[in-house]
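First comes the structure, then the notes that go with it.
Order of listing sets the numbers, starting from 1, for every ligand and every atom in it.
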Amino acid sequence: MENKKTILSAIQPSGALTIGNYLGALKNWAALQDEYNCCFCVADMHAITVRQVPAELRKNSLDLLALFIAAGIDVEKHILFIQSQVPQHAQLSWVLTCNTYMGELSRMTQFKDKSQRYSGSVAGENINAGLFTYPSLMAADILLYQADLVPVGADQKQHLELARDLAVRFNNAYSETFKVPEPYIAKVAARIMSLQDPFSKMSKSDDNANSYILLLDPIDTAVKKVKRAVTDSGAEVKRGEGKEGVENLMNIYSAVTGKNMEEIELEFEGKGYGDFKGTVAESVADCLRPIQEKYNDLMKNKDYLQEVYTAGAQKAQGLANKTLRKVYKKVGFLQ
Ligand code: ATP
Ligand code: LTN
């Protein structure tokens, strides 16, 4: 690989991706490809921290792989792989788990949120140890590749801080082994909010399908969802208190078109919400169309997708094994 810095990121195949995942993650990552060596991972091992239907997990994993490619990730130049096909993730994760404190994991807001959300539901019977130790596996994902930068949405910052703490802790205890990764949180579209409740994040696991736009939603469905988005009783396309719904649509429009918020306010001066929503809906449709076309093409050629993930796993294993060997030696495992 060329002497560029390395970035690593991952998405869980735990459901269909939203436009929030795309604008907050995939799209920004695709833009980093010229500058960095990239490793992108379909985090299927993270996904089983919540019980999955096996056939759906398989479908979601392949869909996600195809969407990475449809979003513009160049699989010739970079490494795109499926986590469970690179056993070093599970292997390093165990060593890191043995260096992670219970207190650190207990403070993770995602664990607190998810265990609360699932208690009382069917999934509540499965608040498992994996959901708790999830951040140690995520740290393994990152540290195996000696990543310099980890692009994630703002919601993952706490997990990344733990990965940094673990790297430093291990280096201090056993001598320099891991690079200490930096978070890379894009300012644009770092948080796309629910279309029905602009105070909560747009999330693919929301019960209300009108709250999110899926990357693979039929175009007319996506358009309808924008038009049904909550705004406020005013009429001005502006940011400000009480205008969170409008601001969220402005944010989506900005991420899709590249226009900044001031330009958007000017563009819609004197126009009502009807016009505004129509334009945003159109821009969303323009954003989704090429991705869906590419995705549909890729899904017609499953052999190609299989070649991509097989080659990806091989390349990833090569890098990951170097780090794992060092770690195993340092902790005292016989060679
Ligand atoms: P869930 O809602 O089921 O917890 P999710 O939609 O948050 O899942 P993840 O797999 O956790 O999806 O996230 C994948 C990537 O997309 C992460 O980098 C995350 O920060 C980013 N992301 C997720 N939702 C949004 C959002 N609403 N706006 C911007 N970025 C997002
Ligand atoms: N936990 C992340 C997904 C994830 C990840 C990673 C992100 C798993 N491993 C490594 C960055 C680096 C999420 O839920 N968004």
Side-chain angles (χ1 to χ4, degrees), residues 6-29 32 38-50 52 60-61 63-64 67-68 71 81-84 86 89-90 92-93 96 108-111 113-114 117-118 123 130-131 133-145 147-164 166 181-208 211-215 248 251-252 254-256 316 320:
T6 298
I7 65 175
L8 176 134
S9 202
I11 299 186
Q12 300 184 60
S14 50
L17 290 200
T18 69
I19 198 169
N21 297 128
Y22 175 68
L23 297 175
L26 278 180
K27 184 173 186 232
N28 301 322
W29 303 353
L32 295 169
C38 302
C39 302
F40 294 121
C41 167
V42 173
D44 55 350
M45 289 164 66
H46 277 101
I48 64 162
T49 54
V50 175
Q52 302 286 327
N60 287 335
S61 297
D63 269 2
L64 180 52
L67 284 170
F68 267 108
F81 67 98
I82 296 176
Q83 189 182 29
S84 62
V86 183
H89 290 248
L92 180 60
S93 156
L96 294 179
M108 294 290 144
T109 52
Q110 180 176 299
F111 172 71
D113 285 355
K114 288 204 172 171
R117 198 176 343 146
Y118 300 139
L131 199 59
T133 59
Y134 173 119
S136 309
L137 176 60
M138 179 160 159
D141 299 342
I142 298 164
L143 302 182
L144 273 177
Y145 301 91
D148 297 278
L149 278 187
V150 184
V152 282
D155 58 320
Q156 294 299 315
K157 199 160 169 248
Q158 201 187 19
H159 290 160
L160 205 63
E161 270 155 20
L162 179 71
R164 288 167 55 84
L166 290 178
E182 299 283 339
Y184 184 94
I185 296 170
K187 287 189 189 68
V188 183
R191 246 171 113 75
I192 301 292
M193 309 309 277
S194 154
L195 297 178
Q196 295 299 318
D197 169 15
F199 295 97
S200 62
K201 187 182 84 146
M202 181 183 285
S203 158
K204 57 193 178 227
S205 42
D206 202 305
D207 292 335
N208 182 351
S211 71
Y212 52 73
I213 297 171
L214 297 180
L215 270 185
N248 186 35
N251 206 11
I252 293 174
S254 164
V256 167

With distance as the sole test, does [X] use its side chain to make a donor-acceptor pair with the main-chain N or O of [Y] at under 3.5 Å?
| X | Y | value |
| --- | --- | --- |
| Lys114 | Thr49 | no |
| Asn248 | Met193 | yes |
| Gln158 | Thr109 | yes |
| Ser9 | Pro151 | yes |
| Asn28 | Leu23 | yes |

Check whether the ring centres of Tyr145 and His89 lie less than 6.0 Å apart, and answer yes or no.
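Yes; His89 has its ring centre under 6.0 Å from that of Tyr145.
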Which of these, [options], has its nearest heavy atom closest to [atom]?
| atom | options | result |
| --- | --- | --- |
| atom 1 (P) of ligand 1 | Ser205, Ser14, Ser9 | Ser205 |
| atom 19 (C) of ligand 1 | Asp155, Asn248, Asn21, Ile185 | Asp155 |
| atom 11 (C) of ligand 2 | Val152, Leu160, Ile11, Val42 | Val152 |
| atom 25 (C) of ligand 1 | Ser200, Ser194, Ala43, Gly20 | Gly20 |

Quick check: closest heavy atoms across [X] and [Y], and the distance to 0.1 Å?
| X | Y | result |
| --- | --- | --- |
| Pro13 | Ala43 | CD-O, 3.2 Å |
| Ile142 | Ala163 | CD1-CB, 4.1 Å |
| Gln83 | Cys41 | CB-SG, 3.6 Å |
| Pro135 | His159 | CG-CD2, 3.9 Å |

Does Thr18 come within less than 4.0 Å of ligand 1, judged by its heavy atoms?
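Not so, Thr18 does not reach ligand 1.
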Taking only heavy atoms of [X] into account, list the atoms of ligand 1 that are under 4.0 Å away from them.
| X | answer |
| --- | --- |
| Ile11 | 10 (O), 14 (C) |
| Gly24 | 29 (C), 30 (N) |
| Arg191 | 28 (N), 29 (C) |

Report the relative orientation of the aromatic rings in Phe40 and Phe68; use parallel for angles under 30°, tilted for 30 to 60°, perpendicular for over 60°.
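Rings of Phe40 and Phe68: parallel, under 30°.
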Ligand 1 versus [X], non-hydrogen atoms closer than 4.0 Å: side chain, backbone, both, neither?
| X | answer |
| --- | --- |
| Lys204 | both |
| Ser203 | both |
| Ile192 | both |

Tell me, which protein residue and heavy-atom name are nearest [atom], and how many Å apart are they?
| atom | value |
| --- | --- |
| atom 9 (N) of ligand 2 | Asp141 OD2, 2.6 Å |
| atom 2 (C) of ligand 2 | Gln156 OE1, 3.3 Å |
| atom 5 (C) of ligand 2 | Ala10 CB, 3.6 Å |

Would you mind running through ligand 2 and noting each atom that sits below 4.0 Å from a heavy atom of [X]?
| X | value |
| --- | --- |
| Ile142 | 10 (C), 12 (C) |
| Val150 | 11 (C), 12 (C) |
| Leu8 | 10 (C), 12 (C) |
| Tyr134 | 1 (N), 2 (C), 13 (C), 14 (O) |
| His46 | 8 (C), 9 (N) |

Distance-only N or O hit between ligand 2 and Asp155, under 3.5 Å:
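Between Asp155 and ligand 2, no N or O pair is found under 3.5 Å apart.
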Gln110 and Asp155: side-chain hydrogen bond (donor to acceptor under 3.5 Å, both in side chains), yes or no, with the steps?
CA-CA 8 Å; Gln110 180 176 299; Asp155 58 320; over 6 Å; no
At under 4.0 Å between heavy atoms, is it the side chain or the backbone of Leu137 that contacts ligand 2, or both, or neither?
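No part of Leu137 comes within reach of ligand 2.
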Looking only at distance, does Met202 have an N or O less than 3.5 Å from an N or O of ligand 1?
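The answer is yes, given that Met202 and ligand 1 share an N or O pair closer than 3.5 Å.
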Is there a side-chain hydrogen bond (donor to acceptor under 3.5 Å, both in side chains) between Thr18 and Asn21 once you walk through the steps?
CA-CA 5 Å; Thr18 69; Asn21 297 128; 3.3 Å; yes
